[in-house]
Number of protein chains: 2
Amino acid sequence: MKLYSKAARHLVAVDCIIFGYDILEKEIKLLLYKRSIKPAKGKWSLAGGFVEDDESLDEAAYRILRKITGLDSVYLKQSHAYGDVKRDPGDRVISVSYFSLIALRNIKKEIAEKNGVHWRSLSRLPNLIFDHHEMVSRALSSLQAQVKVNPVGFELLPDKFTLVQLQCLYEAIYLRKMDKRNFRKKILLMNILEKLDEKETVTSKKGAYYYRFHEEKYDKLKKSGFYFNLDVN
Amino acid sequence: MKLYSKAARHLVAVDCIIFGYDILEKEIKLLLYKRSIKPAKGKWSLAGGFVEDDESLDEAAYRILRKITGLDSVYLKQSHAYGDVKRDPGDRVISVSYFSLIALRNIKKEIAEKNGVHWRSLSRLPNLIFDHHEMVSRALSSLQAQVKVNPVGFELLPDKFTLVQLQCLYEAIYLRKMDKRNFRKKILLMNILEKLDEKETVTSKKGAYYYRFHEEKYDKLKKSGFYFNLDVN
DNA sequence: CCAAAAGTGTTCGAATTACACCCATGA
DNA sequence: TCATGGGTGTAATTCGAACACTTTTGG
């Protein structure tokens, strides 16, 4: 049905802020690519695309994410809608931003490189087109708020990770150091991690035990009124 | 410029979740109106409208708010974008929701009634069209999160208010009772309220002192690293 | 004088912070 | 054997929760 025929129609895009965590460099990275169309062709940009007639906003975001990363089931959350009339010099485009968390290693290199995408450290971003910097900083705030209150940080890590790695991830997200003993105490007391027998022996001689996020435990706890909260000095 | 000529164009609307606080009934109310166009003509709806070519999303939301309430400078914050293909049976419409806080008394009755709008208690809402219920519940969550961390609750009260009124407002937002002594202790210790000499003597014989939100104090404190936090048992 | 609402402090327990040394191991 | 990173516990403090009586005054 087309009952609103007189109203204006707009180009609507989605832009994806794709966060990854580099476990070696201990840095949050962003997936950027060099824009292939005019205007601002060749400039650094978030991954984005126009919303089609037959897809929802969420579906559009997934489509773009899948196309660029080759990944299927990833954490994806709407962040904010940007609607300034002149935000895109190419035309009036309303854009809804999404942020996504992916484990760096999972991304298929070939697909990524074929699409001309690159991981760039959050702390040394190049200039981005349009209002993409604003999108990033808003998404980072959302990310910081999210990981405090939901166990989504694990999305950025491999299945098996050490407590040191987990802490480094949180430090990278919050841009500050945390106390090792307090951090470990808090996360372990939650009882949502499973300690494995295996050790990670690359970064230290002694080796650090691997842990795994135990989703069933977490779901059960959550149902019985438990709230994840990882907020340490 | 029109550089993206091949992409699909969409109707984009904004819908406003307008919260008011009824200081007498101690209830949060929502400004609803009876839809005047097909489909769902005559059904209860949020205040909304299509985004024009020459206005941003924020501007569109302000325009609608102004038209419906006659008010100019109100608290308005983007909440979420809704993009399901079939969310509106009239046509494919992408809608960005905004929530707004206004002091009930400020609204100009004539304008409101001329527009056929009505305040409805949040706890006994009628059926709303489309996905407007979801918009409301998401906006309520945002409101709850906001008033915890920012002094925006005052937007829902008159300039002068008593501590009892402030507490009742918080209780209405959180849907639970709070401890009187702890509440007062916490808000007063923040040192962002100004106690007036005047008393409110309608609801009690003794009378309750009026307070005012002292914005300058708050701004100063905020600059020096203070964080508003009103989270009481 | 009494009903009704405003106003006021203290105690207890839990959570958060601060803090420094031993352990295991490969080179 | 020693350098490197992993792992651990306790004391002090702060913060949040629970809780009940006095005050004022109009009718």
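Chain letters run A, B, ... following the sequence lines, proteins first, then strands; residues in each count from 1. Since the structure is predicted, the reported quantities are computational estimates derived from the model, not experimental observations.
Remark: B:Lys195 is positioned above the aromatic ring of B:Tyr209, its terminal NZ or CZ atom under 6.0 angstrom from the ring centre and at most 45 degrees off the axis. Under a cutoff of 6.0 Å and an axis angle of 45°, B:Arg120 and B:Trp44 form a cation-pi pair. Within the cation-pi definition used here (under 6.0 Å to the ring centroid, within 45° of the axis), A:Lys160 qualifies as a partner of A:Tyr210.
Contact check of residues 187-195 of chain B against DNA chain D (heavy atom, cut-off under 4.0 Å) returns no residues at all.
Tested against A:Glu171 for a salt bridge (Lys or Arg N to Asp or Glu O under 4.0 Å), the candidates A:Arg176, A:Lys180, A:Lys177, A:Lys26 yield a single pass: A:Lys177.
With C:dG7, D:dG6, D:dA17 as the choices, the nucleotide that has an atom nearest any side-chain atom of B:Tyr209 turns out to be C:dG7.
Qualifying salt bridge (charged side-chain N to carboxylate O under 4.0 Å, His left out) partners for A:Arg138, counting only residues two or more places apart in sequence or in other chains: A:Glu134. With sequence neighbours left out, A:Phe183 forms a ring-ring contact (aromatic ring centres under 6.0 Å, His included) with A:Tyr170. In this view, A:Gln165 satisfies the side-chain hydrogen bond (donor to acceptor under 3.5 Å, both in side chains) rule with no residue, not counting sequence neighbours.
Sorted by first and then second residue, the pairs that involve residues 211-229 of chain A and meet salt bridge (charged side-chain N to carboxylate O under 4.0 Å, His left out), not counting sequence neighbours, are A:Glu194-A:Arg212.
Rounded to whole Å, atom P of C:dA5 lies 12 Å from atom CD of B:Glu200. For the pair B:Phe183 CZ and D:dC15 P, the computed distance is 19 Å after rounding to whole Å. The CG atom of B:Asn233 sits 12 Å away from the C1' atom of D:dC15 (whole-angstrom rounding). Counting to the nearest Å, the P atom of C:dA15 and the CG atom of A:Asn229 are 11 Å from each other. Taking atom CZ of B:Phe161 as the reference point, atom C1' of C:dA6 lies 16 Å away to the nearest angstrom. A:Arg184 has its CZ atom 18 Å from the P atom of C:dT16, to the nearest Å. Nucleotide D:dG16 holds its P atom 11 Å from the CG atom of B:Leu230, rounded to whole Å. Rounded to whole angstrom, the span from the NZ atom of A:Lys177 across to the C1' atom of C:dT17 amounts to 18 Å.
Using cut-offs of 30° and 60° on the angle between ring planes, the pair B:Phe213 and B:Phe154 is parallel.
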(request) Using a 4.0 Å cut-off on protein heavy atoms (strictly under), produce a 5'-to-3' string for nucleotides 19-27 of chain D with B for base contact, S for backbone-only sugar-phosphate contact, and - for none. (result) BB--BBBB-
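Within the nucleic acid shown, B:Thr203 comes within 4.0 Å of sugar-phosphate atoms alone, with no base atom in reach, counting heavy atoms only.
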